[in-house]
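Computed from a predicted model, the values in this text were never measured in an experiment. The sequence lines fix the lettering, A, B, ..., with proteins before strands; numbering per chain opens at 1. FYI, side chains are in, hydrogens and waters are out, and symmetry mates aren't considered; it's all heavy atoms of this structure.
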Amino acid sequence: MLVDLAGGWNPMLGRLAWSQIPYDNPILAPLFVAVVIGTIIILGLITYYGKWTYLWKEWLTTVDHKKLGVMYIILGLVMLFRGFIDGLMIRTQQAWAVGTHSSGVFGATHGYLTPFHFGQVYSAHGLIMILLAATPLLVGFMNIIVPIQIGARDMAYPYLNALGLWITAAAGALIMISLFVGDFAHNGWFGYAPIFELQYSPGVGVDYWIWTMELVALGTTLGGINILATIIKMRAPGMSWGRLPIFVWASLSANVIALTSFPALQVALGLVAADRYLGAHFFTAGLGGNLMLYTNLFWIWGHPEVYFVILPAFGMMSEIFPTFSEKPLFGYITMVLASLAIAGVSWLVWLHHFFTMGAGPYVNSAFSVATMLVGIPTGVKVFNWAFTMYRGRLTFNAAMLWAIGALFLLLIGGLTGMMLAVPAINYMVHNSVFVVAHFHSMLLVIVYAIFASVIYWFPKVFGFKLDEFWAKTMFWLFSAGTTLVFVPMYMLGFMGMTRRLDYVFNTAWHPYLLVMEFGIVVYMISVLAFFALLYVSIRDHAKNRVGTDAWGTSRSLEWLTHSPVPFYNFAVLPHISTRDEVAWRRDNGIDHVQPDHYEDIHMPNNTGVAIILGGLTFVLGFALVWRIWWLCILSLLAIMALVIYRSFKGDPGYIITAAELEEMEKDAMRREAQIGKQHYRVGGGVLGDAIAYERSDLPPLASQPGSSVGLDHRS
Amino acid sequence: MSHGHDDPTLHPEVQISTSRGYFLGFAISSILMLVATFLVTSHAVPPFGLLMVISACAGIAIMAQIYFLLHIDISEHNIWNTVALVLFIPLFLITIGLTWWMFSQLYLHTMIMPGMPGMMH
């Protein structure tokens with residue numbers, strides 16, 4: 001042992017002991033029982049219906065980018081729910097523990113959470129929401145959409161793609177198990193030196209925090225490499241840089257950020273681990289350590305990461321606005337340049353996270369100006385979206401509502417961001433809930449864009465639309481929750497309420513906190529509406545089936561292939577002749593032209609190696625947290641052996657012959673013809689929401705979307 | 001998908017990698033790391049000299065790793081490697097340079113000790 005550990009350590013179990021299981025905690029113990037029962041029920045159901053083989057063959061070992069993307073999104077949604085429950089706990093504690101007369105239960109003097117437990121809750125909330133909810137959700141969408149939008153059959157590295165997913169899932173599992181075995185970090189999601197040093201945080205919480213982040217960083221870096229290589233190398237013939245769909249450009253710039261910035265996080269956390277495991281002094285208060293170096297290193301990653309998550313959200317909005325405005329995106333080139341500019345400037349602004357550190361006026365002014373520069377490309381984007389909608393045939397369906405909601409939040413978050421970019425204001429509101437409200441506005445832009453995309457791209461992936469009524473109900477409930485939680489939070493920020501209070505001393509703030517508590521309950525109802533949305537949509541899926549072009553006004557290449565997308569994406573790789581290929585083909589009446597012959601397709605084989613590696617990474621992380629050295633060495637050796645084995649074995653792939661392909665294509669077209677007939681009879685029900693109403697002041701479209709042109713071949 | 005059938009080992013970026021190169025890169029970085037560790041633990045050099053020597057070691061190690069392990073050069077058939085390099089250099093200058101500037105300013109304002117220039121005025 002290079003460092004002194006509080007509590008016991010034995011060679012067999014490391015620091016693991018019965019006393020580390022919080023079975024006497026009145027919140028965690030019942031939750032643990034519920035989780036165990038839930039798991040048994042799910043496993044039992046899978047066994048009862050005999051779905052294990054299906055699950056293993058079709059999902060767990062898959063290298064299909066769409067299925068991997070769907071699993072990324074499921075992981076993200078589960079973690080979003082977990083993070084939301086943490087948020088609910090934070091809000092409840094702050095609404096309860098106000099003033100000296102407030103009651104306390106479960107061992108807390110005020111409220112129901114002890115300060116140490118409250119610290120863990122907000123740390124987990126932040127880490128989960130940014131790295132295990134937003135990031136997997138966006139990576140999932142990029143995974144599904146980017147290859148189809150550029151006309152590729154799969155990612156450049158299908159196996160690496162699966163590996164990225166399973167390493168990210170291992171990180172999710174690691175943070176989830178910290179609920180029931182040991183505890184989590186209490187140092188905030190980004191950590192502070194020197195509180196995370198071993199002598200101030202002797203438990204395993206900080207170790208869970210380190211290895212969870214390291215694993216997400218690794219998984220996301222692998223995903224980033226894959227998406228970049230796919231965009232650069234796998235574009236369909238004719239898909240020049242100027243014809244790339246805008247979401248692909250957004251993904252490209254986002255992943256350039258991911259690839260260049262995530263290593264900084266890995267190094268920073270590696271140095272924290274060196275301090276805690278090897279007794280080094282990188283970030284200690286004495287012996288040559290530098291406290292601020294940690295903050296500096298962390299935000300060198302942290303700020304680019306913020307743009308890594310916002311850029312794909314911008315890309316999603318840029319796809320949704322044109323579709324439901326029935327116009328091409330305004331200012332394509334400026335949009336591309338704005339994305340790249342945001343990616344570039346993201347590297348120049350990290351110091352605005354610690355203006356108050358005391359680096360002085362020159363440094364602060366420089367970074368303040370750099371931060372304000374971000375407003376220029378973002379403003380370009382906002383105006384481009386506004387001009388896209390201007391004089392368009394707007395359809396206010398659920399996806400469009402979510403996208404417009406994102407735009408509103410971007411304005412609020414962006415303008416408060418401009419305020420925070422001024423060091424003088426920053427000194428005033430630093431560490432207050434004003435900052436918290438600002439970055440929640442920005443992250444909610446992402447959440448809104450994600451829900452817009454879930455609705456927008458769901459029919460492409462699953463072949464049927466989500467229920468409009470419940471999607472809209474969820475939108476209005478969610479927006480009401482957002483308003484009720486974050487408007488009072490901005491106000492409290494101006495009143496001087498600091499962030500992360502486990503006890504609120506000022507009773508004058510109580511009404512605002514109660515409004516926020518009410519808001520989070522509304523959020524909870526919107527979550528229930530989301531479950532209802534899924535239930536109703538799956539129940540009625542036969543009614544809501546769609547053809548290739550689910551919305552009738554779609555523009556980019558993913559709408560050219562069948563819905564749901566076949567595992568080979570395109571039977572024959574399309575030749576791209578213009579930007580907005582599908583809109584162009586529809587306008588020229590060739591959107592349903594079928595190829596006259598097929599050729600063999602080469603596809604990658606499924607592999608179980610990726611999920612086994614993911615499992616081993618989880619074991620490695622767990623062993624590192626509990627310092628079970630023999631298990632660390634064993635799992636590390638197993639990982640190395642497996643990676644080397646797989647590298648030498650390689651994957652020859654398999655061939656789908658032209659005859660098989662033709663058969664599958666015929667099937668798909670027969671299914672689609674069925675849908676066409678059904679809806680043609682009831683008056684274009686499938687396209688109902690997408691057909692724009694004629695406006696007298698606009699010239700009629702050359703070809704009405706969803707009109708006879710597209711349906712000819714079916715009848 | 002005609003290029004899918006190609007032998008991946010025939011790609012130029014794979015062709016330039018040799019096991020000799022990898023071992024050489026590994027050996028050079030390991031030796032430099034050992035030298036730096038020895039100098040730090042033995043206190044053989046005064047602090048400022050030590051800083052210079054280990055910085056130089058780190059610089060050489062980075063060069064060796066870029067060349068031998070990452071195969072980043074400016075040859076024509078590795079054009080995307082060159083793009084990566086062009087992207088990397090400004091980022092390197094930004095992160096290291098701005099961090100340096102920030103800390104020098106920070107020390108000027110916060111680490112005021114007797115005898116330091118900050119005390120003179």
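- Remark: A:Met664 CE to A:Ile601 CD1 distance equals 7.0 Å, nearest 0.5 Å.
- Residue B:Phe103 touches chain A through its side chain alone, counting heavy-atom pairs closer than 4.5 Å.
- The interface of residues 278-292 of chain A with chain B, defined by heavy-atom distances below 4.5 Å, comprises A:Asn290, A:Met292.
- Heavy atoms of A:Tyr568 lying under 4.5 Å from chain B are absent altogether.
- For A:Glu305, the side-chain hydrogen bond (donor to acceptor under 3.5 Å, both in side chains) partners are A:Thr135, not counting sequence neighbours.
- With sequence neighbours excluded, the residues that form a ring-ring contact (aromatic ring centres under 6.0 Å, His included) with A:Phe190 are A:Tyr192, A:Trp299.
- The distance from the CG atom of A:Leu252 to the OG1 atom of A:Thr230 is 11.0 Å, given to the nearest 0.5 Å.
- Applying the 6.0 Å contact sphere to CE of B:Met63 captures no more than 12 heavy atoms from other residues, nucleotides or ligands.
- B:Tyr67 OH: 12 or fewer foreign heavy atoms inside a 6.0 Å radius.
- Along residues 358-368 of chain A, the residues that come nearer than 4.5 angstrom to chain B, judged on non-hydrogen atoms, are A:Gly358, A:Ala359, A:Gly360, A:Pro361, A:Tyr362, A:Val363, A:Ala366, A:Phe367 in order of number.
- Looking at A:Leu297, there are no atoms closer than 4.5 Å to chain B (heavy atoms on both sides), in backbone or side chain.
- Atom-to-atom distance recorded for A:Ile576:CD1 and A:Arg235:CZ is 11.0 Å, nearest 0.5 angstrom.
- Between B:Gln105 atom CD and A:Met357 atom CE the span is 11.0 Å, to the nearest 0.5 Å.
- Ring-centre distance between A:Phe298 and A:Trp301: below the 6.0 Å cut-off.
- Within the model, atoms CD1 of A:Ile300 and OG1 of A:Thr260 stand 11.5 Å from one another, a figure rounded to the nearest 0.5 Å.
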